[in-house]
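Note sheet for the following structure.
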Amino acid sequence: MKSPTGHLTLPFFDAVHRELGLRLAEWIPRQHVDESDDRQACRTWVSLLGEHGWLRYCVPAGPDGALGGALARLDSRALVVLRETLAFHSPLADFALAMQGLGSGAITLAGTPAQQAAYLPGVASGEKIAAFALSEADAGSDVGAMTTSAVQQAGGWTLNGSKAWISNGGIADFYVTFAKTDPVAGTRGISAFIVDADTAGLDSSEHIVVMSPHPLATLKFAHCQLPESAQLGTLHGGFKLAMQTLDIFRASVAGAALGMARRALAEAVQHAKQRKLFGQRLADFQLTQARLGEMAALVDAAALLTYRAAWLRDEGERLGSATRTTLESAMAKMTATENAQRVIDMALQLHGGLGVKVGSKVESLYRDIRSLRIYEGATEVQQLIIGKAVLHS
Ligand code: COS
């Protein structure tokens with residue numbers, strides 16, 4: 001099934017996004033990856049996406065193109081278009097691309113030229129798998145409550161603690177890890193570090209199995225020694241760096257949810273046109289038409305908020321005004337993931353028994369969408385961000 005491309009004509013997009021979306025919509029349906037082993041499948045997708053140049057949109061070009069990126073800056077609309085199109089076909093392919101961006105995003109935003117040169121080209125080519133280690137068992141939404149510590153010593157840092165729910169845990173080549181450098185300063189006492197996967201004292205062997213397969217692990221740091229050069233961004237500036245990274249990637253999560261919702265709608269339309277009952281097609285019932293109408297409007301509402309958030313960030317970057325898009329990204333993520341869950345549920349209902357049959361597309365989408373309402377800031381966190389912004393406007 002080919003993903004829709006009509007939205008690419010909207011004025012949010014430039015020629016570069018249209019060309020990217022059309023090219024990917026042709027390429028992705030021809031790729032077939034065995035996804036029965038999520039770790040192996042994720043590695044395969046990273047290699048494939050790297051080999052064909054799609055990961056080049058996860059990093060900037062850098063001076064003379066040395067960092068490997070396709071565009072001068074990390075472009076939110078390109079990420080949205082890529083994720084929407086990939087998620088329509090394979091949520092795991094989308095995940096593989098998204099993690100290359102999220103895992104390296106803080107290096108793009110705050111890395112020294114040496115850090116960028118050491119990591120970003122490998123991310124763009126697919127030779128290095130990236131991961132973002134922020135959450136802890138008792139510090140998910142409440143980032144300031146993290147307890148993983150980084151203590152400065154002669155020549156470097158010592159990391160101790162544990163990180164939970166780390167995507168690409170166990171298969172990543174490096175982890176952008178957030179740790180407390182001032183244990184009593186809450187969100188103002190967090191710093192970021194780049195931790196190579198082979199660092200002594202890092203254990204990523206505890207895999208977590210989830211309802212929609214994707215590589216996930218707990219990280220344990222036991223007297224992990226890091227060189228001075230591992231510190232990323234300013235001392236105690238880690239919370240803001242994490243939030244700035246999430247501002248970009250939350251809008252792209254919305255793009256992924258949109259791709260899944262579009263797929264569910266397409267599956268529902270196709271099924272409604274084929275399925276016969278009570279002497280007519282399912283599509284001929286007004287109840288079906290009303291339901292499909294509701295689904296299409298939920299998809300378009302999510303699309304417009306998603307494209308707005310991405311456009312606004314890109315426009316701020318282009319004008320050099322670096323506008324914060326926290327509010328718009330929060331609205332996009334909340335609406336697109338919640339709407340997608342509803343659309344997928346409605347598509348499943350229209351499929352009747354087939355909808356719950358393991359192996360049917362709507363059944364896997366029903367599981368795939370669920371975590372998007374939780375990770376990178378749960379819906380409730382987005383509501384808080386929006387609510388606070390409304391009160392302060
Ligand atoms: N960009 C830049 N700065 C930001 C920012 C952003 N997006 N968001 C917050 N800040 C700054 C604030 O301006 C404030 O700065 P000062 O200390 O200079 O005043 C500081 O960071 C603290 O901000 P705030 O008081 O809003 O932080 P809270 O502790 O209230 O936390 C929430 C706010 C809950 C919104 C935040 O912790 C959050 O997003 N939690 C979810 C985390 C998450 O997504 N986890 C999933 C991990 S990835 S799977």
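Remember, predicted model here, so these are calculated numbers, not experimental data. Start at 1 and go down the list; that is how both ligands and their atoms are numbered.
Using a distance-only test at 3.5 Å, with no hydrogens or angles considered, a donor-acceptor pair links the side chain of Lys180 to the main chain of Gly144. No donor-acceptor pair under 3.5 Å is formed between the side chain of Ser329 and the backbone N or O of Thr326. One N or O on the side chain of His17 and one on the backbone of Asp14 form a donor-acceptor pair closer than 3.5 Å.
With a heavy-atom cut-off of 4.0 Å, Asp142 does not touch ligand 1 at all. Looking at Leu384 against ligand 1, nothing comes within 4.0 Å, counting heavy atoms. With a 4.0 Å heavy-atom cut-off, ligand 1 is reached by the side chain of Arg250 but not by its N, CA, C or O. Contacts between Trp165 and ligand 1, counted as non-hydrogen atom pairs separated by less than 4.0 Å, are absent for every part of the residue. The part of Ser141 lying near ligand 1 is the backbone, judged by heavy-atom distances below 4.0 Å.
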For the pair Arg281 and Gln274, evaluate side-chain hydrogen bond (donor to acceptor under 3.5 Å, both in side chains) and give the outcome as yes or no after the intermediate values. CA-CA 7 Å; Arg281 299 179 314 161; Gln274 285 166 359; over 6 Å; no
Show your reasoning for whether side-chain contact (heavy atoms from CB on, under 4.5 Å) applies to Gln152 and Thr181. CA-CA 8 Å; Gln152 195 159 23; Thr181 37; over 6 Å; no
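Between Arg324 and ligand 1, a contact under 3.5 Å exists for at least one N or O pair. Note: no N/O pair closer than 3.5 Å links Tyr375 and ligand 1 by distance alone. At a 3.5 angstrom cut-off on N or O pairs, Gly377 counts as close to ligand 1. Residue Thr187 places no N or O, backbone or side chain, under 3.5 Å from any N or O of ligand 1.
Ligand-side atoms of ligand 1 in range of Val381: 35 (C), 38 (C), 39 (O), 40 (N), 41 (C), range being under 4.0 angstrom from any heavy atom. Close approach of ligand 1 to Thr326 (heavy-atom distance below 4.0 Å) involves ligand atoms 6 (C), 7 (N). Using a 4.0 Å cut-off to heavy atoms of Gly140, the atoms of ligand 1 that qualify are 42 (C), 45 (N). Applying the 4.0 Å criterion to heavy atoms of Leu134 picks out, from ligand 1, the atoms 47 (C).
With salt bridges taken as basic N to acidic carboxylate O contacts below 4.0 Å, none links Glu338 and Arg342. One finds no salt bridge joining Glu328 and Arg313 here, because no Lys/Arg side-chain nitrogen approaches an Asp/Glu carboxylate oxygen to under 4.0 Å.
Looking only at heavy atoms of the protein, atom 49 (S) of ligand 1 is closest to Glu376 N, 3.3 Å. Distance from atom 42 (C) of ligand 1 to its nearest protein heavy atom, with residue and atom name: Val143 CG2, 3.5 Å. Scanning all protein heavy atoms for the shortest distance to atom 35 (C) of ligand 1 gives Ile385 CG1, 3.6 Å. Annotation: atom 47 (C) of ligand 1 to nearest protein heavy atom, Ser135 OG, 3.5 Å. Given atom 19 (O) of ligand 1, the protein heavy atom at minimum distance is Arg188 NH2, 3.3 Å. Closest to atom 30 (O) of ligand 1, if we only count protein heavy atoms, is Lys388 NZ, 3.3 Å. Looking only at heavy atoms of the protein, atom 7 (N) of ligand 1 is closest to Asp247 OD2, 2.9 Å.
Remark: atom 44 (O) of ligand 1 lies closer than 4.0 Å to at least one protein heavy atom. Checking atom 32 (C) of ligand 1 against the protein gives no heavy-atom contact under 4.0 Å. At a distance under 4.0 Å, a protein heavy atom can be found next to atom 21 (O) of ligand 1.
In summary, the side chains of Thr199 and Gln225 do not present any donor paired with an acceptor at a separation below 3.5 Å, with no hydrogens or angles considered. Between the side chains of Tyr307 and Glu84, at least one donor N or O lies within less than 3.5 Å of an accepting N or O.
Side-chain heavy atoms closer than 4.5 Å link hydrophobic residues (I, L, V, M, F, W, Y) into clusters, and following such links, even through other members, never connects Met295 to Phe88. A chain of hydrophobic side-chain contacts below 4.5 Å, direct or via other Ile, Leu, Val, Met, Phe, Trp or Tyr residues, connects Ile248 to Leu232.
Scanning all heavy atoms of the two residues, the minimum distance from Ile369 to Tyr366 falls at CG2-O, 3.6 Å.
Relative orientation of the His7 and Phe13 rings is perpendicular, given thresholds of 30° and 60° on the angle between their planes.
Evaluated by nearest non-hydrogen atom to atom 38 (C) of ligand 1, the leading choice among Met243, Lys240, Lys333 is Met243. Ranked by closest heavy atom to atom 27 (O) of ligand 1, the top entry among Phe239, Phe178, Phe249 is Phe239.
Applying the salt bridge (Lys or Arg N to Asp or Glu O under 4.0 Å) rule to pairs touching residues 88-109 yields Arg83-Asp94, sequence neighbours excluded.
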